[in-house]
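See structure below.
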Amino acid sequence: MSNTPPFGFFDPEMLATLEQTFNATWPVLEAHEPCLDSEKETELKLGLSQTLVALVAEGVTDTDRLRKFALERLPLTPPASAASSSTAKLQPT
């Protein structure tokens with residue numbers, strides 16, 4: 001019999017890591033989506049949660065790496081200030 005827990009089971013330490021990573025990543029996502037309505041917020045939070053769980057299932061267990069890879073996988077809208085400043089740089093003078 002295998003000592004590997006069934007798929008979808010996480011020990012308390014891994015649950016704490018997932019929660020810590022979610023809490024550290026969520027403000028970044030909020031900054032990229034300044035006009036979130038409650039439906040979009042719920043959708044984005046679910047996407048973040050699913051992404052983190054998928055990463056753990058792939059063997060990523062370090063908080064910093066989880067955060068980095070989750071941000072790379074999630075579609076982010078550039079912050080308004082960054083988008084407008086890059087557009088301004090492209091306009092001829």
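Because the structure is a prediction, the values reported are computed rather than measured. Hydrogens, waters and symmetry mates are skipped; everything else that's a heavy atom, side chains included, is used. Residue numbers run from 1 in the order of the sequence given.
Inter-residue side-chain proximity for Trp26 and Glu41 is flagged as met; some heavy-atom pair is nearer than 4.5 Å. Residues Val56 and Leu18 meet the side-chain proximity criterion, which asks for heavy atoms closer than 4.5 Å. With a 4.5 Å cut-off on side-chain heavy atoms, Arg65 and Lys68 do not count as touching. Put simply, the side chain of Arg67 reaches to within 4.5 Å of the side chain of Val28, judged on heavy atoms. Between Leu29 and Leu36, the closest side-chain pair of non-hydrogen atoms is not below 4.5 Å. Between Glu19 and Leu15, every side-chain heavy-atom pair lies at or beyond the 4.5 Å cut-off.
No more than 12 heavy atoms of other residues, nucleotides or ligands sit less than 6.0 Å from atom CD of Glu13.
Taking each heavy atom of Thr17 and Thr61 in turn, the nearest pair found is CG2-O, 3.5 Å. Annotation for Thr51 and Ala70: closest pair CG2-CA, 3.8 Å, computed over non-hydrogen atoms.
Atom CD of Gln20 is separated from atom CG of Leu52 by 11.5 Å, given to the nearest 0.5 angstrom. Atoms CZ and OG1, from Phe69 and Thr25 in turn, are 12.5 Å apart once rounded to the nearest 0.5 Å. For the atom pair NZ (Lys45) and OG (Ser38), the distance works out to 10.5 Å, reported to the nearest 0.5 Å. For the atom pair Thr21 OG1 and Leu71 CG, the distance stands at 10.5 Å (nearest 0.5 Å).
In this structure, Glu58 pairs ionically with Arg73, as a charged nitrogen and a carboxylate oxygen lie closer than 4.0 Å.
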